[in-house]
2 protein chains.
Amino acid sequence: MKNNKDMPIEEHSGPLMADVARLAGVAISTVSRALANPGRVNEKTRAKIDAAAKQLGYTPNAMARGLRVGKSSTVMIILPGSLYYGVSQVIPQVLQSINKALLQNGYTLMIANLGRDAESERHILDLAFGGTVRGVIILSSKLPEVDGRSLANAGLPIVSMLLDMSDAGVPSVVTNDREAVRDATAEMIGMGHRRFFYIAGPRGNYHDVERHAGALEALRDAGIPQDALSLSGGDLDYHEGFEIGIQAAADFARLEERPTAVIATSDDMAISFVSRIQQTGLRIPGDLSVVSFDGAPVCEFCFPPLSTIEQPFEEMGEIAVARLLDAIGQEGREWEPCVVIRSKLILRESMAPFKS
Amino acid sequence: MKNNKDMPIEEHSGPLMADVARLAGVAISTVSRALANPGRVNEKTRAKIDAAAKQLGYTPNAMARGLRVGKSSTVMIILPGSLYYGVSQVIPQVLQSINKALLQNGYTLMIANLGRDAESERHILDLAFGGTVRGVIILSSKLPEVDGRSLANAGLPIVSMLLDMSDAGVPSVVTNDREAVRDATAEMIGMGHRRFFYIAGPRGNYHDVERHAGALEALRDAGIPQDALSLSGGDLDYHEGFEIGIQAAADFARLEERPTAVIATSDDMAISFVSRIQQTGLRIPGDLSVVSFDGAPVCEFCFPPLSTIEQPFEEMGEIAVARLLDAIGQEGREWEPCVVIRSKLILRESMAPFKS
DNA sequence: CGATTTTTGGCAAACGTTTGCTAAACGAGC
DNA sequence: GCTCGTTTAGCAAACGTTTGCCAAAAATCG
């Protein structure tokens with residue numbers, strides 16, 4: 001005795017729409033309409049159907065639906081290689097706000113991690129071209145692209161977050177990295193500081209380029225020569241921020257003319273830098289003022305409390321989602337290519353007026 | 001002139017398996033077999049088919065496949081309400097290791113956030129019962145359950161991480177919260193400390209229960225009365241760790257007989273506690289030793305460097321995935337109900353011998 | 001009560017795969 | 001040339017929905 005021709009597996013498959021129809025005593029098409037289109041069916045039968053569905057614990061099969069309508073309702077977020085930062089909760093905060101906004105609109109969030117390997121790129125492209133996802137939020141500067149297929153041609157709406165990719169035609173939601181650092185530097189200048197030390201992220205990285213430019217702009221605006229800004233770092237990635245700060249402290253010690261103000265491109269760098277610098281006997285803010293980027297809450301509890309530029313992760317996430325859903329819904333709403341949400345300098349004791 | 005009866009939408013839908021078959025000059029069923037079953041088709045035609053697929057940029061439609069075979073290849077991770085912790089990178093580290101392990105096995109990670117609202121529960125159950133996901137990793141103490149449907153009955157393999165839910169029949173992967181705190185406390189006792197201050201997480205929370213019990217065990221083992229352990233906290237959630245630490249510092253100041261050793265249930269609490277305590281003039285570790293839980297890297301750069309119990313997030317994630325995939329694959333491999341991976345105490349300056 | 005509108009039922013096709021089956025094509029060995 | 005074994009073609013059903021269509025039923029109204 002053998003199974004019927006086509007026998008999938010004897011899995012627990014749950015009640016079907018047909019079962020609901022039978023129980024409610026209506027046609028299967030009516031059930032479908034009742035569950036999807038609110039209006040197309042009489043209120044009374046709709047209630048009957050709802051009751052039947054609830055009684056059976058019916059849940060529509062997402063794949064069957066997705067296949068038929070040709071759309072999924074999951075959004076993919078592409079995270080850069082390393083999710084790990086020392087102290088600032090970039091990823092959790094971003095995920096939290098994005099997920100919340102998506103949930104409210106009936107979407108689900110899928111995670112993809114874009115490493116340097118072709119395998120992870122292929123995986124992402126399979127998701128994009130295979131109809132699994134409906135839209136993409138990307139936190140990486142590189143669009144996945146491998147043998148012919150490119151995320152750009154998947155026919156999916158894409159929104160870039162944290163990095164401005166509007167030049168590449170990708171709508172973006174970012175913060176004002178450059179201005180924020182420029183203003184913070186100007187603040188330092190206003191406090192009398194004239195020699196600066198810049199602790200850099202990976203060379204060529206968008207954030208580092210912008211923030212460095214911001215610092216230089218502030219000097220220029222104040223008529224201070226550009227070489228008043230010493231540089232450290234550039235070789236390590238942000239997730240190695242603590243190490244960058246340590247190296248920066250060593251670099252700093254070797255300088256002849258000591259700067260009096262430090263601008264770090266992440267809180268991690270500032271924290272380890274401060275720790276090492278204090279061990280050499282220098283005092284903050286007495287000898288050296290420090291400001292950094294990201295706005296990690298822990299900065300408040302450092303010794304001394306650290307000034308930092310707080311990124312509006314929550315708001316950026318919400319706007320990125322709104323923008324993506326607009327694009328999915330084909331709403332004609334007009335967006336500027338790159339939406340900028342301002343960061344906010346939080347002044348704490350680590351920044352103080354220069355005393356000669 | 002009107003569309004054909006059933007006209008979905010004119011979307012960019014990409015090449016189909018039929019297109020590949022045509023280009024390769026073979027039957028569609030052969031293409032399907034060539035792409036799935038490695039062996040069932042002649043090597044030469046397989047190469048021809050691969051070439052055709054590559055040339056067209058063909059990607060199989062995941063939903064059609066999933067519908068037909070009745071299985072998806074995405075795994076859902078259920079995160080507790082708040083993903084945000086002050087300083088320890090719990091979520092990113094867990095996500096990173098889980099995602100990596102899943103990717104290597106061809107699975108994709110989907111995120112679900114379990115809030116207190118019924119809506120988020122419903123959403124999760126829809127994913128589980130709707131065939132979208134193939135397995136679940138849960139970091140929350142509560143299994144989603146709403147009007148009749150419960151995640152426990154979805155017929156899906158579930159693995160709990162961080163919390164031991166093996167009593168509820170959910171296979172678990174955890175660290176040894178209790179022992180780790182017991183050992184750290186014993187270490188304090190060995191250093192001569194006799195009065196302790198425990199900064200607690202939310203009352204009744206698994207981690208808090210375990211860790212508190214661990215501290216008490218150490219006292220008992222050393223013959224120290226249980227009331228040598230003063231308590232603070234219990235009202236706020238872990239994501240408000242900084243606030244807990246602040247309140248604890250205030251509580252501490254009110255004690256008559258000052259403890260000399262502090263055990264905090266998260267690094268956040270320890271950091272803000274230390275910050276506030278130092279403002280009152282007390283010195284660490286001179287007057288007070290401190291140890292906390294989680295192993296945030298930033299602890300190394302605090303003043304003084306903080307002792308902390310480092311959780312093996314990476315390893316827990318890998319094992320949780322291995323275990324889940326075993327369950328999915330129906331592998332008969334035997335697991336103990338609850339796998340325990342040991343945490344590691346990292347001794348730093350914040351812990352020092354008691355000096356009267 | 002008859003005419004008109006609203007709501008359902010029933011049917012069937014479609015979404016893009018997978019898979020079992022039979023028969024045909026092909027190559028090799030006798 | 002014949003047989004045998006391997007490989008492929010071709011067909012068709014199935015996965016569980018959605019949706020257009022038309023006719024039937026029910027409700028509404030004058």
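Chain naming here is simple, since letters A, B, ... match the order of the sequence lines and numbering starts at 1 in each.
- The shortest heavy-atom contact between B:V133 and B:M76 is CG1-CB, 3.8 Å.
- For A:L16, taking side-chain heavy atoms from C-beta onward, the closest of the listed nucleotides C:dT18, D:dT19, D:dT17 is D:dT17.
- Distances were taken from every side-chain heavy atom of A:S29 (C-beta onward) to each of D:dT17, C:dT17, D:dT19; the shortest belongs to D:dT19.
- Between the CD1 atom of B:I28 and the P atom of D:dA13 there is a distance of 16 Å, rounded to whole Å.
- Proximity note for A:V69 (side chain, C-beta onward) versus C:dT17, D:dT19, C:dT8: the nearest is D:dT19.
- For the pair B:V90 and B:L162, the tightest heavy-atom approach, listed with the atom from each and the gap, is CG1-CD1, 4.2 Å.
- Phosphate contact (OP1/OP2 of C:dT8, side-chain N/O of A:T45, threshold under 4.0 Å): present.
- Close to C:dG16, at under 4.0 Å from its OP1 or OP2, lies no side-chain N or O of B:Y58.
- Ranked by how close their nearest DNA chain D nucleotide is to the 5' end, B:A64 and B:G25 are led by B:G25.
- Distance from the side chain of B:R68 is smallest to D:dA13 among D:dA13, D:dT17, D:dA9.
- The two residues A:L67 and B:M63 come nearest to each other via the heavy atoms N-SD, 3.7 Å.
- Listed nucleotides C:dT18, D:dG10, D:dG16 differ in distance to B:R33; the shortest reach to its side chain belongs to D:dG10.
- Here the C1' atom of nucleotide D:dA9 and the CG atom of B:N42 are 15 Å apart, to the nearest Å.
- Rounded to whole Å, the distance from CZ on A:F129 to C1' on C:dG16 is 17 Å.
- As rounded to whole Å, 12 Å separates atom P of D:dA26 from atom NZ of A:K44.
- Atom CD of B:E43 and atom P of C:dG27 are 17 Å apart (whole Å).
- Geometrically, A:R134 does not engage A:Y107 in a cation-pi contact, judged by NZ or CZ lying under 6.0 Å from the ring centre and within 45° of the ring axis.
- Distance CE (B:M63) to C1' (C:dT18): 17 Å, rounded to an integer number of Å.
- For B:T30 and A:S32, each mapped to the nucleotide of DNA chain D holding its nearest heavy atom, the one lying further toward the 5' end belongs to B:T30.
- Look at CZ on A:R65: it is 17 Å from P on C:dG16, rounded to the nearest Å.
- Listed nucleotides D:dT17, C:dG9, C:dT19 differ in distance to A:V26; the shortest reach to its side chain belongs to C:dG9.
- Here the closest heavy-atom approach between residue B:A327 and residue B:P157 is recorded as CB-CB, 3.7 Å.
- Residue B:G130 is classed as having no contact, given no heavy-atom separation below 4.0 Å to the nucleic acid.
- Atom CG of A:N61 and atom C1' of C:dT17 are 14 Å apart (whole Å).
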